[in-house]
There are 2 protein chains.
Amino acid sequence: MQTAPVTPPMDELRRIFREAGLSFTHQRMVLYRAVFAMRSHPSPEAIYDRVRNEIPSISLGTVYKNIRAFMDAGLVREVSPHHGSLRLESNLDEHHHLVCTRCKTIVDLEESDLEPVRLKRQLPGGFRVDRYSVEFRGLCAACAERSNHSD
Amino acid sequence: MQTAPVTPPMDELRRIFREAGLSFTHQRMVLYRAVFAMRSHPSPEAIYDRVRNEIPSISLGTVYKNIRAFMDAGLVREVSPHHGSLRLESNLDEHHHLVCTRCKTIVDLEESDLEPVRLKRQLPGGFRVDRYSVEFRGLCAACAERSNHSD
DNA sequence: CTATTAAACGAGAATAGTTCTCCAAAAGTC
DNA sequence: GACTTTTGGAGAACTATTCTCGTTTAATAG
Ligand SMILES: [Mn+2]
Ligand SMILES: [Mn+2]
Ligand SMILES: [Zn+2]
Ligand SMILES: [Zn+2]
């Protein structure tokens, strides 16, 4: 199970936004609550659909702008660093990935470089696993270098 | 290291395409060779750029059509099942994912449900890891069910 | 090798996801 | 409450991808 999706009270939200450097608006508050109430890794469209129940006049542009504001503030993340464009995998062997979050480079890591992943308990609710892989996110040597310089 | 990216000879390619139910065209052959020569998980645009050296008149549409043909035939895969649309992560705790490749549902798996992932060797070339997560791909209970029926 | 049929190509229109621009409205500040 | 800054809404613009259609190329049969 997961930490319960508790909706923070108004003044707690004010504090969260203040600390994030975001002014407090009605739309932003409703969006924030929606995103944290949906534990389903929602798309902007899905958030829009839900929030329109509460604010029918909200625009999709506002949803996108606030998602970006939340991401920039580190309040949420994106599930995959590779939304946006298709990336092809021609290595059909079991293997893992090193992903540079800055330049989006993806480098293979052989299956045999890792101890096998072991589950402590059964997977929930009859999920049928085809394959798994481990994704290491960070900075490649080149980007780490550039990052040190511009400190 | 990895299996060397050997370019298969012409008649080998003919066989591969035949077995995949794909007719043999010049564009398709050059595209196939490009994709398997690039171990960098290329985007369609990157493949296009490379292939235009050899076939300047090739169209981006042809690149997309053949990528899809290769994917449908199981010759290549896509790196992420979530290109296409942004998906938000509001759970900032370390955790892992169960991803249904059919309905794209993403379910969290707590960090503590897994034995810690251990590397056998050092990571290559100074990659700086921020975090890692394991992605289990397969079919959720609902989709597995539907899949059994329509057999 | 040629005729016939089926599949693929190139060009460009269409669509989906996302960002940008601009002005009016709301929030933050004193 | 007046002034300044940020945000929201509407729609244009942009990027990634798919679709449509007429022409070309490949597969198949004679
Ligand atoms: Mn790979
Ligand atoms: Mn998650
Ligand atoms: Zn990098
Ligand atoms: Zn599913």
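In what follows, chains carry the letters A, B, and so on, assigned in the order in which the sequence lines appear, proteins first and then strands, with residues in each chain numbered from 1. All values below were derived from every heavy atom in this structure, side-chain atoms included, with hydrogens, water molecules and symmetry-related copies excluded.
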What protein N or O atoms touch nucleotides 13-16 of chain D N or O atoms at under 3.5 angstrom, if any, and at what distances?
unit_1, atom_1, unit_2, atom_2, d
D/dA16, O3', A/Gly84, O, 3.1

- Message: Rounded to whole Å, please give me the gap between CG in B/Asn66 and P in C/dA7.
- Response: 15 Å

- Query: Hey, is the main chain of B/Asn91 close enough, under 3.5 Å, to the side chain of B/Glu89 for a donor-acceptor pair?
  - Reply: yes

- Query: For B/Arg68 and B/Ser23, take the nucleotide of DNA chain D holding the closest heavy atom to each; which residue's nucleotide lies nearer the 5' end?
  - Reply: B/Arg68

- Item | Whole-Å distance separating the CZ atom of A/Arg14 from the P atom of C/dA26 | 15 Å

- Query: Phosphate oxygens OP1/OP2 of D/dT25: is one of them under 4.0 Å from a side-chain N or O of B/Thr25?
  - Reply: no

- Rounded to the Å, how far apart are A/Phe24 CZ and D/dG8 P? 11 Å

Identify all pairs in which a protein N or O lies below 3.5 Å from an N or O of nucleotides 10-13 of chain C, and state each distance.
unit_1, atom_1, unit_2, atom_2, d
C/dG10, OP1, B/Gln27, NE2, 3.4
C/dG10, OP1, B/Ser57, O, 3.4
C/dG10, OP2, B/Ser59, N, 3.3
C/dG10, OP2, B/Thr62, OG1, 2.6
C/dG10, O6, B/Lys65, NZ, 3.1

- Lys/Arg N to Asp/Glu carboxylate O, A/Asp130 vs B/Arg137, below 4.0 Å: no

- Query: Would A/Val79 and B/Tyr132 show up in the same hydrophobic cluster when neighbours are defined by side-chain heavy atoms closer than 4.5 Å?
  - Reply: no

- Query: In whole angstrom, what separates A/His26's NE2 from C/dA26's P?
  - Reply: 12 Å

- Query: Any ion pair linking B/Arg121 and A/Asp113 (charged N to carboxylate O, less than 4.0 Å)?
  - Reply: yes

- Item | Short side-chain to backbone donor-acceptor contact, A/Arg87 and A/His82, under 3.5 Å | no

- What is the distance from CG of B/Leu22 to C1' of C/dA6, rounded to the nearest Å? 14 Å

- Are a donor atom and an acceptor atom from the side chains of B/His96 and A/Glu135 found within less than 3.5 Å of each other? no

- Query: Rounded to whole angstroms, how far apart are CZ on A/Phe17 and P on D/dT7?
  - Reply: 11 Å

- Task: Kindly say whether the aromatic ring centers of B/His41 and A/His97 come within a distance under 6.0 Å.
- Result: yes

- Rounded to the nearest 0.5 Å, how far does NZ of A/Lys104 lie from OG of B/Ser43? 13.0 Å

- Note on the structure: Sorted by position of nearest nucleotide on DNA chain D, 5' first, the leading residue of B/Arg18 and B/His83 is B/His83

- Message: Parallel, tilted or perpendicular: which one describes the rings of B/Tyr32 and B/Phe17, with boundaries at 30° and 60°?
- Response: perpendicular

- Query: Which whole-number value in Å describes the distance from A/Asp72 CG to D/dT7 P?
  - Reply: 11 Å

- Figure out the NE2/P separation between B/His82 and C/dT18, and round it to whole Å. 13 Å

- Which of these nucleotides, C/dG28, D/dT7, C/dT18, is closest to any side-chain atom of A/Leu60? C/dT18

